[in-house]
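This report refers to the structure that appears directly beneath it.
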Protein chains: 2
Amino acid sequence: MIKKGLDDNFENIRKIFTEYLEKHAHRKTPERYTILKEIFATEGHFDIETLYIRMKNHKYRVSRATLYNTIELLLDCGLVTRHQFGTNYAQFEKSMMFTQHDHFIFNDSGEVKEFYDPRIEAIKSTVEETFNVEVTHYSLTFYGHARSKK
Amino acid sequence: MIKKGLDDNFENIRKIFTEYLEKHAHRKTPERYTILKEIFATEGHFDIETLYIRMKNHKYRVSRATLYNTIELLLDCGLVTRHQFGTNYAQFEKSMMFTQHDHFIFNDSGEVKEFYDPRIEAIKSTVEETFNVEVTHYSLTFYGHARSKK
DNA sequence: TTAGATGCAAACGGTTTGCAGGGAA
DNA sequence: TTCCCTGCAAACCGTTTGCATCTAA
């Protein structure tokens with residue numbers, strides 16, 4: 001049951017990607033679909049190198065160039081989100097349609113926690129009014145460490 | 001009057017840096033003080049390359065290596081803050097002791113606006129309680145564009 | 001058939017590092 | 001005098017690009 005649900009969900013993702021590719025007259029290559037599948041098959045955040053290694057381990061050889069190229073498309077159609085957690089390399093995660101969230105990063109390990117606080121929307125609105133702008137996206141990240149137990 | 005006030009303020013900054021260097025048994029080299037001065041003499045955000053060029057124009061030749069080295073010290077003693085606005089290079093700004101603020105970035109030009117909304121503190125507290133952590137710092141950045149006038 | 005995509009490797013650009021020479025303590 | 005710091009240039013590493021080859025349409 002659950003398995004089927006997940007499959008159905010991925011079918012939907014696949015369809016979104018297909019529609020996007022068709023709309024923009026991009027080719028539907030097997031590489032692109034395999035990358036999409038690999039990304040949606042795993043949880044959490046990843047960087048390009050990790051994804052590259054993972055696909056190698058799964059016996060599917062793609063070039064880094066194609067990974068960068070495809071990630072670009074996935075970002076453009078909203079299926080993947082890009083983060084830059086204070087480092088000089090990018091991290092990504094599959095978009096979770098109905099669960100907008102922000103991040104807490106452990107200073108030492110880099111471990112990522114997710115949360116959502118609706119009050120951020122109020123701040124966003126205020127910023128939009130203050131500068132007379134339209135916010136397209138935002139990034140809220142807290143950094144810190146476990147509380148020292150007393 | 002105002003000029004004097006600024007100078008006094010910089011004297012104070014200088015003193016903070018000196019105390020930091022002494023405390024950590026780091027040498028008080030002229031390069032380090034010149035870099036500090038250059039950073040506090042200008043407004044807004046900057047990256048290493050910009051600072052490098054600017055110092056060259058002011059007829060003071062420093063190596064990039066020394067800039068990176070010194071910035072590290074300034075970050076460590078809290079006189080400078082580091083940002084990574086979604087790019088793969090870092091931007092910095094002098095710390096403004098009494099004016100905590102966040103950023104709005106224009107997607108096209110990269111222009112930076114600053115704001116402060118106290119409601120972020122409430123979100124921070126909630127995150128600390130939720131994950132039982134202590135937040136050491138955070139980053140809140142909105143990205144967007146000017147409102148299209150109708 | 002052909003324009004767009006892939007794979008490979010070289011180029012790029014910000015940052016880091018190794019090392020010889022220089023200067024603060 | 002000592003050894004930390006500086007300047008220079010090479011190394012690093014994530015990302016981008018050029019190009020020959022391949023393939024979806």
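Residue numbers begin at 1 in each chain, while the letters A, B, ... track the order of the sequences. It should be emphasised that the depicted structure is a prediction, and the values quoted were computed from it without experimental measurement.
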Scan residues 105-136 of chain A for pairs that pass ring-ring contact (aromatic ring centres under 6.0 Å, His included), counting only residues two or more places apart or in two chains.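 Residue pairs passing ring-ring contact (aromatic ring centres under 6.0 Å, His included), neighbours aside: A:F104-A:F106, A:F115-A:F142.
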Verdict with reasoning, B:K124 to B:V135, per side-chain contact (heavy atoms from CB on, under 4.5 Å): CA-CA 7 Å; B:K124 181 177 109 177; B:V135 167; 4.0 Å; yes
Donor-acceptor contacts under 3.5 Å from residues 81-92 of chain A side chains, at least two apart:
{"from": "A:T81", "atom 1": "OG1", "to": "A:S95", "atom 2": "OG", "distance (Å)": "3.1"}
{"from": "A:R82", "atom 1": "NH2", "to": "A:Q84", "atom 2": "OE1", "distance (Å)": "2.6"}
{"from": "A:R82", "atom 1": "NH2", "to": "B:G86", "atom 2": "O", "distance (Å)": "3.2"}
{"from": "A:H83", "atom 1": "NE2", "to": "A:E93", "atom 2": "OE2", "distance (Å)": "2.7"}
{"from": "A:Q84", "atom 1": "NE2", "to": "A:T87", "atom 2": "O", "distance (Å)": "3.3"}
{"from": "A:Q84", "atom 1": "NE2", "to": "B:T87", "atom 2": "O", "distance (Å)": "2.8"}
{"from": "A:T87", "atom 1": "OG1", "to": "A:Y89", "atom 2": "N", "distance (Å)": "3.4"}
{"from": "A:T87", "atom 1": "OG1", "to": "A:Y89", "atom 2": "O", "distance (Å)": "2.9"}

Is there a side-chain contact between A:T141 and B:L140 in this structure, where contact means two heavy atoms from C-beta onward sitting under 4.5 Å apart?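 A:T141 vs B:L140: side chains apart.
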Below 4.5 Å, heavy atoms only, C-beta onward: do A:V127 and B:D117 meet side chain to side chain?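 A side-chain contact under 4.5 Å is absent here.
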Residue set satisfying salt bridge (Lys or Arg N to Asp or Glu O under 4.0 Å) with A:D102, at least two apart, ordered chain then number -> none
Those residues that, when tested against B:T130, pass side-chain contact (heavy atoms from CB on, under 4.5 Å) (two or more places apart):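 With neighbours one apart ignored, the set is B:T126.
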For A:E49, the side-chain contact (heavy atoms from CB on, under 4.5 Å) test, sequence neighbours excluded, returns A:D47, A:Y52, A:I53, A:R64
Where the side chain of B:R32 meets the backbone of B:R27, is there a donor-acceptor pair that is under 3.5 Å apart?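 A pair under 3.5 Å: yes.
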Can you give each donor-acceptor pair under 3.5 Å made by side-chain atoms of residues 34-43 of chain B, sequence neighbours left out, with the distance rounded to 0.1 Å?
{"from": "B:T34", "atom 1": "OG1", "to": "B:P30", "atom 2": "O", "distance (Å)": "2.7"}
{"from": "B:T42", "atom 1": "OG1", "to": "B:E38", "atom 2": "O", "distance (Å)": "3.4"}
{"from": "B:T42", "atom 1": "OG1", "to": "B:R54", "atom 2": "NH1", "distance (Å)": "2.7"}
{"from": "B:E43", "atom 1": "OE2", "to": "B:K94", "atom 2": "NZ", "distance (Å)": "3.3"}

Heavy-atom contacts under 4.0 Å between residues 85-94 of chain A and DNA chain D, which residues?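 By residue number: A:Y89, A:A90.
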Using a strict heavy-atom distance below 4.0 Å, which residues from residues 58-74 of chain A are in contact with DNA chain D?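 The stretch gives A:A65, A:Y68 as the residues lying under 4.0 Å from the strand, ordered by number.
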Shared ILVMFWY cluster between B:V133 and A:I105, side chains joined below 4.5 angstrom? no
Parallel, tilted or perpendicular: ring planes of A:H26 versus A:H24, cut at 30 and 60 degrees: parallel
Pair B:E121 + B:R119, salt bridge at N-O below 4.0 Å: no
Could you go through residues 66-77 of chain A and list every donor-acceptor pair under 3.5 Å that involves a side-chain atom there, pairing it with any protein atom two or more places apart or in another chain?
{"from": "A:T66", "atom 1": "OG1", "to": "A:S63", "atom 2": "OG", "distance (Å)": "3.0"}
{"from": "A:T70", "atom 1": "OG1", "to": "A:T66", "atom 2": "O", "distance (Å)": "2.9"}
{"from": "A:D76", "atom 1": "OD2", "to": "A:Y20", "atom 2": "OH", "distance (Å)": "2.5"}

Of all nucleotides in DNA chain D with an atom under 4.0 Å from a non-hydrogen atom of chain A, which is the first and which the last going 5' to 3'?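 Answer, 5' to 3': D:dG14 to D:dA25.
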Roughly what angle, to 10°, lies between the helix axis at the start of the helix from C:dT1-D:dA25 to C:dA25-D:dT1 and the one at its end, five pairs per end? 30°
Is it true that A:Y143 and B:S139 share a donor-acceptor pair across their side chains at a distance under 3.5 Å? no
Return a single string for nucleotides 20-25 of chain C, one symbol per nucleotide in 5' to 3' order, where B is base contact, S is sugar-phosphate-only contact and - is none, cutoff 4.0 angstrom on heavy atoms. ---BBS
Separation of C:dG13 C1' from B:Y52 OH (nearest whole Å):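 That distance rounds to 15 Å.
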